[in-house]
Protein chains: 2
Amino acid sequence: MRSRPADACADCPVRDQAICAALDQDELNELSRIGDHRDYRRGDTIFAAGDEGIACATLISGAVKLSAMDAEGVERIVALVHPSGFLGQLFAATTALDAVALTDARLCVFPRPQFERLMADHPKLTRAILERTQTELEASRGLTRLIGRRDVKARLSGLLLALARAAAPTPCGQAMEFDLILSREEMASLIGTTIESVSRRLTELERDGLIERRGARGLVIRDALALETGEAVRG
Amino acid sequence: MRSRPADACADCPVRDQAICAALDQDELNELSRIGDHRDYRRGDTIFAAGDEGIACATLISGAVKLSAMDAEGVERIVALVHPSGFLGQLFAATTALDAVALTDARLCVFPRPQFERLMADHPKLTRAILERTQTELEASRGLTRLIGRRDVKARLSGLLLALARAAAPTPCGQAMEFDLILSREEMASLIGTTIESVSRRLTELERDGLIERRGARGLVIRDALALETGEAVRG
DNA sequence: CGGCGCGTTGACTGTAGTCAAATAAAGTGG
DNA sequence: CCACTTTATTTGACTACAGTCAACGCGCCG
């Protein structure tokens, strides 16, 4: 489904964080002209690995996972994309990763040929993409640090904090209560463990008072500091 | 130590892979004018986390690790940089990661203010950096996949293959025999385990005929396929 | 109501981490 | 160049944690 109101950018929630933020009004108008809003439902595949990359997009709302299959046919998630993030391969002919909506999501989609023309004409746009890519690179390295931790409890704690930060309305500070956008299986895939271990560690973190579960997906962060350091509260 | 021969770029070994590859002769001359070769010894710190980022560089030869300290003061490696790779923070004021030479290394160093001016004047340079950053992002995600594997043996096998590929003279194909650029501790840091486990799994891989050790650092890949799939050769 | 898909829990096994010691390699000073 | 010190790597014994297989509970939809 599509929609493209004339004043689309004016009230766009990621207007100031996405690549568009770097552009002046004329450039924004040009970009806006080739962009198309598109809505996806949770579980929808946005791009599939191996597809020709015919489009790229800014994520306006919702969350997306990027994943690949490993040798045994098990899904391995390599990144999460949050609002204002950029999706799509720019230089390679084909997409390397699956992009799947984790929640209902809205994208601002650009056909690649036109987008690349715009990049060629407007260095500022190229620069904006560069900054965005660097941000993603930093995020990816942050994830590398996270999943390099030796015990599952530490990896899971870090993941919960990362998800809490992402769920927070503002870039800083973290939501005390939020819904997990990942299933147990997805969490396990991301931090390199099994569904059962995720479940057990969650139970343990709850028993120790660091978190509280509200149903299967609801989560309350009760002690963010302890989650960071791996220490349970004493007394 | 420095050196800057007039024809520096002509016989540069990474001339066709680094960011310079995208530039025409005039642009290359300009870039070359602000670039300075610098040599580092194994173990030298190139940039330290927290430094003001006053320079960036292309790695000409050797290998570099990017790392950060975790909460317990243990080093966590988040990336390896190989020849033609780019080092240095472009937008942030300070460097987020330590960059340490894993082997003797040679860099082509650019002062940041001049480099950024060049980027502003030459969109092609910005675009080249963008492509390079995307490549690094892909590599980082590849690493994420690698270290997300559940058992140490699989993570270590993947690491050995990655190191073999990096040691190969040409981008494709892998060196059958090469020297490990990482200590046991560094390997453990990278794949999220301990020195002892690395050592034990190496012994096991050698016993099963997948690899052969030549002293502490020398390594021969005997069965690349088995390393990939995790299966030992039968019969 | 019955059959899913998803999550939790239990029992057991195996792998990886810890502590400690032995060995090999590398660096130092004579 | 050698003897000695220091550091890196391997190995051993033990423990703890995580993976596997299996059962159970829950919510959802036909």
Side-chain angles (χ1 to χ4, degrees), chain A residues 41-43 65 70 72 74-77 100 102-103 147-160 163 179-208 211-219 230 232, chain B residues 41-44 65 70 72 74-77 100 102-104 147-160 163 179-208 211-219 230 232:
Chain A
R41 306 293 301 271
R42 173 173 165 185
K65 66 176 173 182
D70 69 8
E72 296 98 52
V74 181
E75 175 184 58
R76 315 256 41 243
I77 300 179
V100 175
L102 288 167
T103 64
I147 66 182
R149 297 185 187 175
R150 279 156 309 282
D151 47 305
V152 169
K153 193 167 145 191
R155 296 205 292 276
L156 183 59
S157 300
L159 176 60
L160 295 181
L163 293 175
D179 279 331
L180 293 168
I181 56 177
L182 298 173
S183 69
R184 298 293 183 267
E185 187 169 18
E186 288 164 335
M187 289 194 254
S189 161
L190 198 44
I191 64 177
T193 183
T194 58
I195 305 179
E196 293 94 327
S197 284
V198 169
S199 183
R200 273 186 244 278
R201 288 322 122 212
L202 283 176
T203 304
E204 186 185 321
L205 289 172
E206 184 167 42
R207 175 174 56 67
D208 293 347
I211 63 168
E212 198 181 315
R213 282 180 290 186
R214 302 258 228 257
R217 292 283 185 125
L219 199 85
Chain B
R41 307 292 301 274
R42 173 172 163 185
D44 286 352
K65 66 176 171 182
D70 68 9
E72 297 98 51
V74 180
E75 175 186 57
R76 315 257 38 243
I77 300 178
V100 174
L102 288 168
T103 64
D104 292 353
I147 66 182
R149 297 183 188 178
R150 280 157 307 283
D151 46 306
V152 170
K153 193 167 147 192
R155 296 205 291 275
L156 182 58
S157 300
L159 177 61
L160 295 180
L163 293 175
D179 280 332
L180 293 168
I181 56 177
L182 298 174
S183 69
R184 298 292 182 267
E185 187 169 18
E186 289 165 334
M187 289 194 256
S189 161
L190 198 43
I191 64 177
T193 183
T194 59
I195 305 179
E196 295 94 326
S197 283
V198 170
S199 183
R200 274 186 243 275
R201 289 320 123 213
L202 282 175
T203 304
E204 186 185 320
L205 289 172
E206 184 167 42
R207 174 173 57 66
D208 293 346
I211 63 169
E212 198 181 314
R213 281 181 290 185
R214 302 259 227 258
R217 292 285 184 124
L219 198 86

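Note that these values count all heavy atoms, side chains included, but never hydrogens, waters or copies made by symmetry. Quick note on labels: first sequence line is chain A, next is B, and so on, each numbered from 1.
Rounded to an integer number of Å, the gap from B/Glu204 CD to D/dG12 P is 14 Å. Atom CG of A/Leu202 is separated from atom C1' of C/dT9 by 13 Å (rounded to the nearest Å). D/dT10 atom C1' lies 13 Å from atom CD1 of B/Ile211, rounded to whole Å. Rounded to whole Å, atom C1' of D/dA8 lies 12 Å from atom CD of B/Glu186. A/Arg217 places its CZ atom 9 Å from the P atom of C/dC6, with the value rounded to the nearest Å. In this structure, B/Glu206 places its CD atom 13 Å from C1' of D/dT9, rounding to the nearest Å. Atoms CG (A/Asp179) and P (C/dG7) sit 13 Å apart, rounded to a whole Å. Protein atom CE of B/Met187 is 7 Å distant from nucleotide atom P of D/dT9, rounded to whole Å.
With rounding to the nearest 0.5 Å, the separation of OG1 in B/Thr194 from CE in B/Met187 is 12.0 Å.
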Which parts of nucleotides 13-30 of chain D does protein reach within less than 4.0 Å, heavy atoms only, written one letter per nucleotide 5' to 3' as B for base, S for sugar-phosphate only and - for none? B----SSBB---------
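The side chain to side chain contact (heavy atoms under 4.5 Å, CB included) test with A/Ile77 singles out one residue from A/Leu102, A/Ile191, A/Val100, A/Leu190, and that residue is A/Leu190.
In the displayed structure, A/Arg217 atom CZ is contacted under 6.0 Å by more than 12 heavy atoms of other residues, nucleotides or ligands. For A/Glu185, the CD atom is loosely surrounded, since the number of other residues' heavy atoms within 6.0 Å does not exceed 12.
A salt bridge links B/Arg41 with B/Asp104; the closest basic N to acidic carboxylate O contact falls under 4.0 Å.
In terms of modelled atom types and a separation under 3.5 Å, the side chain of B/Arg213 and the main chain of B/Glu206 share no donor-acceptor contact.
Comparing B/Ala216 and A/Glu185 along DNA chain C, the residue whose closest nucleotide (by nearest heavy atom) sits nearer the 5' end is A/Glu185.
For B/Ser199, no side-chain nitrogen or oxygen approaches OP1 or OP2 of D/dT11 to under 4.0 Å.
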